[in-house]
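In what follows, every heavy atom counts, from backbone to side chain, and hydrogens, waters and symmetry copies are set aside. Chain naming here is simple, since letters A, B, ... match the order of the sequence lines and numbering starts at 1 in each.
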2 protein chains.
Amino acid sequence: MDERTVPIKAAKVSFDVIEALREREGAGVSELATALEMPTSTIHDHLRTLEQQGYLVKEDGEYRVGARFLELGEQARSRKKVYGIARPEVDSLAEETGEHANLLIEEHGLGVFLYKARGEDAVNLDTHAGMRVLLQTTALGKTILAYRPREEVEAILDEHGLPEITANTVTDRDELLDELETIRERGYALDDEERVQGMRCVAAPILSDDQEAIAAVSVSGPRSRMAGDRYTEEIPELVLRSANVIEVNMTYS
Amino acid sequence: MDERTVPIKAAKVSFDVIEALREREGAGVSELATALEMPTSTIHDHLRTLEQQGYLVKEDGEYRVGARFLELGEQARSRKKVYGIARPEVDSLAEETGEHANLLIEEHGLGVFLYKARGEDAVNLDTHAGMRVLLQTTALGKTILAYRPREEVEAILDEHGLPEITANTVTDRDELLDELETIRERGYALDDEERVQGMRCVAAPILSDDQEAIAAVSVSGPRSRMAGDRYTEEIPELVLRSANVIEVNMTYS
DNA sequence: GATAGAATCCGGCAATGGCGGAAATAATAT
DNA sequence: ATATTATTTCCGCCATTGCCGGATTCTATC
């Protein structure tokens, strides 16, 4: 079946509308109609349906994504066993380092931040729970890829490509595969300004019994602080220790 | 226009499928088809579409709500100014009392928990972020209703009714309206096992400049601990103080 | 109060969502 | 292993309905 065509086109349009609203943080009928290149009447039909069903709200003459999605999102998150177990560990990682600490899972070939904690000195960042990122562009994602079978990695790269996000993003497939090998050997991954200028990151996988990475934890901060021994020894040690604690708790609970 | 009929029926069906999946925490095609009384082929069409679009995941032969909804939910939440401002206050309420502390907003005539914090001694509860509740059945909801115009309150009651959730739920419309009057007078609301057996709750509104309740904060705990002066004086004082701090910060930021 | 822009409403028609039934796949029993 | 049953997926028809253009109403702004 063609990947581009879906059985229920109307549902796709509705979600396109929802995503457009999310990106814009609210919008009117005609603005959306222009953006999605559809008649205002059609967009209006979808907006009205979604509002009536309680998924959108109309505030200040604008349609916005409603808090109802929170219920769906929270359910998706809390159903993941790793979330409950990793959460306190991510919190203490953030506290110990003063930086951002994150928990990422893979879904549909993309990384999804399940949770993030901010330490005392954490810089302002674009990341937030629910945010999706290309796996290759983060230390978190690379650790997950490292413990996936080669053919699955290839499939993910085929689907999402290797775009250059910053000057340091790995854009060569073989180079990436080599790096995944290195990650497997030393047990953790580094990200040196590969997704965000000036930000470095250290991540370790949370492995299941059969050596699959079900998630990854990380610490990320500005290059100035993530340097020297701290970047190559202290932080990796902390992150590995956390990942290990989570792994153990996953097995025995 | 008839409230029951929507322009895009297919979108409604898709969301019915999603909600059914949420309730069941995952399900198969035929299980859903039975529950929604629709042919398996139709349900399958919707599931496939939603999975292909990245909103559902297929794990262990079951369809489940995907973490992608987290992105929508988080966006809906963080766009609310009150969330960012109230969050630290709710945290400290939970810490000071050792109980649950909550932040609720109104949407489509229902209460939605935007945030909740657990204190040290907090009991296990069914509430979670994103959860929706009838406004009349919680102290939080009643405070919000208390600061809405009478006709709006009537409309909400007409739409959602006054079902008896526990033995203590207020089911009489006039009795409720009287209570709202009392709440306006003293500035906070009480919930004495009206939604959950054994649980009591104290809530205060967060008022905008024009005296509309844009949200409410509360502390809730077991009847045994929420009694005497603590229930009628100490906790109300704490909750009112928090609500006030939030109000001030809402105006000056 | 006039004007422009945006949001609704409405009705027709082609597209497509819904459906039954068949085929494929998975699970279970024999 | 093999048969049996349950579940999922595929397929094509047909009536429904989603989509659209255009008219109308609403809402700002001058």
Side-chain angles (χ1 to χ4, degrees), chain A residues 1-66 108 155 210, chain B residues 1-66 107-108 152 155 210:
Chain A
M1 169 152 203
D2 183 356
E3 283 289 316
R4 300 289 138 202
T5 146
V6 293
I8 315 288
K9 295 204 179 142
K12 177 166 158 41
V13 175
S14 272
F15 275 103
D16 286 348
V17 168
I18 291 167
E19 290 293 337
L21 281 176
R22 181 185 60 75
E23 279 164 30
R24 273 148 245 270
E25 314 206 354
V29 181
S30 24
E31 185 181 345
L32 291 172
T34 311
L36 299 174
E37 298 182 66
M38 292 192 148
T40 54
S41 46
T42 301
I43 298 297
H44 183 258
D45 281 347
H46 284 270
L47 287 171
R48 171 198 279 269
T49 302
L50 294 168
E51 203 244 334
Q52 223 165 98
Q53 295 297 113
Y55 294 98
L56 300 181
V57 288
K58 225 158 103 182
E59 283 172 5
D60 314 318
E62 264 193 354
Y63 288 92
R64 293 187 188 153
V65 173
H108 289 289
D210 50 345
Chain B
M1 168 154 202
D2 184 357
E3 284 288 316
R4 302 285 138 205
T5 143
V6 293
I8 314 288
K9 294 200 182 150
K12 176 164 159 44
V13 175
S14 273
F15 275 103
D16 287 347
V17 168
I18 291 167
E19 291 293 337
L21 281 177
R22 181 186 58 76
E23 280 165 29
R24 273 147 246 270
E25 314 206 355
V29 181
S30 24
E31 185 181 345
L32 291 172
T34 310
L36 300 174
E37 298 181 67
M38 292 192 147
T40 55
S41 49
T42 301
I43 299 297
H44 183 258
D45 281 347
H46 285 270
L47 287 170
R48 173 199 280 270
T49 302
L50 294 169
E51 203 244 335
Q52 225 166 97
Q53 294 296 114
Y55 294 98
L56 300 181
V57 289
K58 224 159 107 182
E59 283 171 5
D60 314 318
E62 262 193 355
Y63 288 92
R64 294 187 187 153
V65 173
E107 208 174 274
H108 290 288
E152 207 181 315
D210 50 346

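Between the CG atom of B:L47 and the P atom of C:dC19 there is a distance of 14 Å, rounded to whole Å. Rounded to whole Å, the distance from NZ on B:K9 to P on D:dC19 is 14 Å. Distance CG (B:D45) to C1' (D:dT9): 10 Å, rounded to an integer number of Å. The interatomic distance linking A:Q52 (CD) with C:dT8 (C1') rounds to 13 Å, in whole Å. The separation between B:D60 atom CG and C:dA26 atom P is 14 Å, rounded to whole Å. Taking atom CE of A:M38 as the reference point, atom C1' of D:dC20 lies 11 Å away to the nearest angstrom. Atom CG of B:D16 and atom P of C:dG17 are 16 Å apart (whole Å).
At least one donor-acceptor pair closer than 3.5 Å links the side chain of B:H108 to the backbone N or O of A:L56.
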If you restrict it to nitrogen or oxygen atoms, what contacts under 3.5 Å exist between nucleotides 20-23 of chain C and the protein, and what is each distance?
residue: C:dG20; atom: N7; partner: B:S41; partner atom: OG; Å: 3.3
residue: C:dG20; atom: O6; partner: B:S41; partner atom: OG; Å: 3.1

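When the ring-ring contact (aromatic ring centres under 6.0 Å, His included) test is applied to B:Y63, no partner is found at least two apart in sequence or on another chain.
Residue B:I43 holds its CD1 atom at 10.5 Å from CD of B:E37, rounded to the nearest 0.5 Å. Between A:I8 atom CD1 and B:T42 atom OG1 the span is 7.5 Å, to the nearest 0.5 Å. Here OG of B:S14 is found 10.0 Å from CD of B:Q53. Values are rounded to the nearest 0.5 Å.
In this structure, B:H46 reaches the C:dG18 phosphate: one of its side-chain N or O atoms is under 4.0 Å from OP1 or OP2. Taking side-chain N and O atoms only, A:H44 has no distance below 4.0 Å to OP1 or OP2 of C:dA7. For C:dA6, the OP1/OP2 oxygens have no side-chain nitrogen or oxygen of A:Y63 closer than 4.0 Å. OP1 and OP2 of C:dG17 both lie 4.0 Å or more from every side-chain N or O belonging to A:K12.
Remark: A:G28, A:V29, A:S30 in residues 20-33 of chain A come within less than 4.0 Å of DNA chain C through at least one heavy atom.
When each of A:A11 and A:K58 is assigned the nucleotide of DNA chain C bearing its nearest heavy atom, the one mapping closer to the 5' terminus is A:K58.
Listed by first and then second residue, the ring-ring contact (aromatic ring centres under 6.0 Å, His included) pairs involving residues 21-51 of chain A amount to none (not counting sequence neighbours). Pairs engaging residues 24-33 of chain A under the salt bridge (charged side-chain N to carboxylate O under 4.0 Å, His left out) rule: none recorded [sequence neighbours left out].
Considering only heavy atoms from C-beta on, A:V57 comes within 4.5 Å of B:E107 through its side chain.
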Contacts under 3.5 angstrom, residues 16-23 of chain A side chains, donor-acceptor by atom type, not counting sequence neighbours:
residue: A:D16; atom: OD2; partner: A:K12; partner atom: NZ; Å: 3.3
residue: A:E19; atom: OE1; partner: A:R22; partner atom: NE; Å: 2.9
residue: A:E19; atom: OE1; partner: A:R22; partner atom: NH2; Å: 3.0
residue: A:E19; atom: OE2; partner: B:Y55; partner atom: OH; Å: 2.6
residue: A:E19; atom: OE2; partner: B:R68; partner atom: NH2; Å: 3.4

